Amino acid sequence: MGVIITGTGHYVPERVLTNYDLEKMVDTSDEWITTRTGIKERRIASENESTSTLATKAARRALDSAGISPEEIDLILVATATPDMLFPSVSCLVQDQLGAVNAAAFDIEAACTGFIYALTIAQQFIITDFYSKILVIGAETLSKITDYTDRNTCVLFGDGAGAVVLEKGEEGKGILTADLGADGTGGKLLRLPAGGSLHPASIKTVEKRMHYTKMDGKEVFKFAARNMASSAIKSLNKVNMNVKDIDYLIPHQANIRIIENAAKRLHLEKEKIYVNIDKYGNMSSASIPVALDEAVKGHFIKKDDTIVLVGFGGGLTWGSIVIKW
């Protein structure tokens, strides 16, 4: 039995924050941001939008694409690092907003690798016949935890959501295998220090700006450069494939230099890599499903193509998935 993607969808907020807008906010420039990150603009959620509202809109589009109703969904899995609140989960909020009354629901948090982790978890439920129709969503409102006085991080992040529907399918089609990894010793390199049990919200944590993303950019770059390519190769090797078998690579959209570095290590032509970082910036767990939906709807991906999804994120985490479309 195969586990196939039968529907895709995404949603991004209407508000656009350009590099020229950021020039007025911090000491930076369009040229500096573009050459170092590849980002030209990013989408920003409004005050009335949250991770669950973005996720629900992406989910509706994925369900429409798959041609199924919310009532048919058995499980909703949401990957996010920016939940509406600590509990209830975003997935439960989405279940309510969709009217998916028959679905179980839970969130997972693996930062930017979250969507790959979630897809892998969902695959297991279907392979074991526990569930037959699963909605997997990657959604973030990173602007809510971005420090717009920190020029090193505020230029990077944006908001959005992407979703897919997984169902049973033909053997040898759909998700073929995956590689997941983590290195907790690097947790300090990318983190949100306060708001949890270690540093609960207080006047002190607010004054110290501990409720915003903190990142050691150079070290995260080195980590990503090592692990993106190696994880993709590990996944391919599991199914007796190699880089030459890749028809399309959809990487986490964090930095154009990281993507180019991974492509160089894989000896993969740029024509085989989907890039939309210029439009959206880093959307964490949403970046891969948004890119996947764009690639599918844009007819870049064709039937029987071999697709590799690969990402990395806080934790530190990494992962990749091989899909026969």
Side-chain angles (χ1 to χ4, degrees), residues 1-6 8 38 110 112-120 122-124 126-127 136 138 162 164 166 169-183 221-278 282 285 287-313 316-325:
M1 176 175 59
V3 179
I4 62 173
I5 294 173
T6 58
T8 64
C112 305
T113 322
F115 183 72
I116 289 176
Y117 268 65
L119 269 186
T120 306
Q123 180 198 21
Q124 311 311 307
I126 294 178
I127 286 175
V136 181
V164 300
L166 290 186
E170 180 185 346
E171 184 73 30
K173 299 288 187 180
I175 297 174
L176 302 182
T177 192
D179 170 67
L180 301 177
D183 179 6
F221 185 100
K222 292 176 185 177
F223 159 77
R226 288 195 308 269
N227 287 287
M228 279 184 69
S230 62
S231 181
I233 291 170
K234 284 180 183 178
S235 283
L236 288 165
N237 288 342
K238 288 182 181 181
V239 285
N240 296 315
M241 291 183 176
N242 58 48
V243 174
K244 293 180 181 179
D245 295 309
I246 297 176
D247 292 301
Y248 236 82
L249 179 77
I250 299 182
H252 169 46
Q253 311 284 315
N255 183 304
I256 192 63
R257 290 182 174 180
I258 293 174
I259 295 172
E260 290 171 346
N261 184 285
K264 185 177 180 180
R265 288 172 181 247
L266 291 169
H267 304 288
L268 195 65
E269 312 92 293
K270 64 178 182 180
E271 292 78 17
K272 290 188 174 184
I273 304 171
Y274 193 82
V275 176
N276 63 3
I277 191 173
D278 56 312
N282 181 347
S285 65
S287 75
I288 290 175
V290 169
L292 176 63
D293 183 49
E294 286 192 340
V296 170
K297 301 288 173 58
H299 305 291
F300 294 96
I301 294 175
K302 302 175 182 63
K303 184 180 178 182
D304 293 326
D305 276 354
T306 297
I307 312 302
V308 175
L309 313 180
V310 62
F312 64 94
L316 295 165
T317 59
W318 65 87
S320 58
I321 287 181
V322 179
I323 300 171
K324 178 64 73 171
W325 200 257

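None of these values were measured; they are calculated from a predicted model.
- Counting only distance, with no hydrogens or angles, the side chain of T113 and the backbone of G313 share a donor-acceptor pair below 3.5 Å.
- Y248 is linked by a ring-ring contact (aromatic ring centres under 6.0 Å, His included) to nothing, counting only residues two or more places apart in sequence or in another chain.
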In residues 258-265, what donor-acceptor pairs under 3.5 Å come from side-chain atoms, sequence neighbours left out?
from	atom 1	to	atom 2	distance (Å)
N261	OD1	R265	NE	2.8
R265	NE	A225	O	3.2

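- Side-chain atoms of S235 do not come within 3.5 Å of backbone N or O of V322 as any donor-acceptor pair.
- Q253 contributes no side-chain N or O that, together with a main-chain N or O of S287, makes up a donor-acceptor pair within less than 3.5 Å.
- A donor-acceptor pair is defined here as one N or O able to donate and one able to accept, closer than 3.5 Å; no such pair exists between the side chain of D305 and the backbone of I307.
- The backbone N or O of N242 sits less than 3.5 Å from a side-chain atom of D245, completing a donor-acceptor pair.
- K238 places a side-chain N or O within donor-acceptor distance of the main-chain N or O of A178, the cut-off being under 3.5 Å.
- K234 meets the side-chain hydrogen bond (donor to acceptor under 3.5 Å, both in side chains) test with no other residue; sequence neighbours excluded.
- Judged by distance alone, with hydrogens and angles left aside, the side-chain atoms of S230 form a donor-acceptor pair with the main-chain N or O of R226 at under 3.5 Å.
- Closest approach of I246 and V308 over heavy atoms only: CG1-CG2, 3.8 Å.
- Atom CH2 of residue W325 and atom OG1 of residue T306 lie 12.0 Å apart, to the nearest 0.5 angstrom.
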Pair M241, L176 - check side-chain contact (heavy atoms from CB on, under 4.5 Å), show working. CA-CA 11 Å; M241 291 183 176; L176 302 182; 3.9 Å; yes
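- Considering every non-hydrogen atom in both K272 and K244, the closest pair reads NZ-O, 4.3 Å.
- D278 places no side-chain N or O within donor-acceptor distance of the main-chain N or O of G38, the cut-off being under 3.5 Å.
- Here the closest heavy-atom approach between residue A229 and residue L266 is recorded as O-CD2, 3.7 Å.
- The shortest non-hydrogen separation linking A254 to I277 is C-CD1, 3.3 Å.
- When side chains are defined from C-beta on, N255 does not count as touching N282, because their heavy atoms never get closer than 4.5 Å.
- I250 approaches A291 most closely through the heavy-atom pair CG2-CB, 3.7 Å.
- When every heavy atom of E294 is checked against every heavy atom of N276, the shortest pair comes out as OE1-ND2, 3.0 Å.
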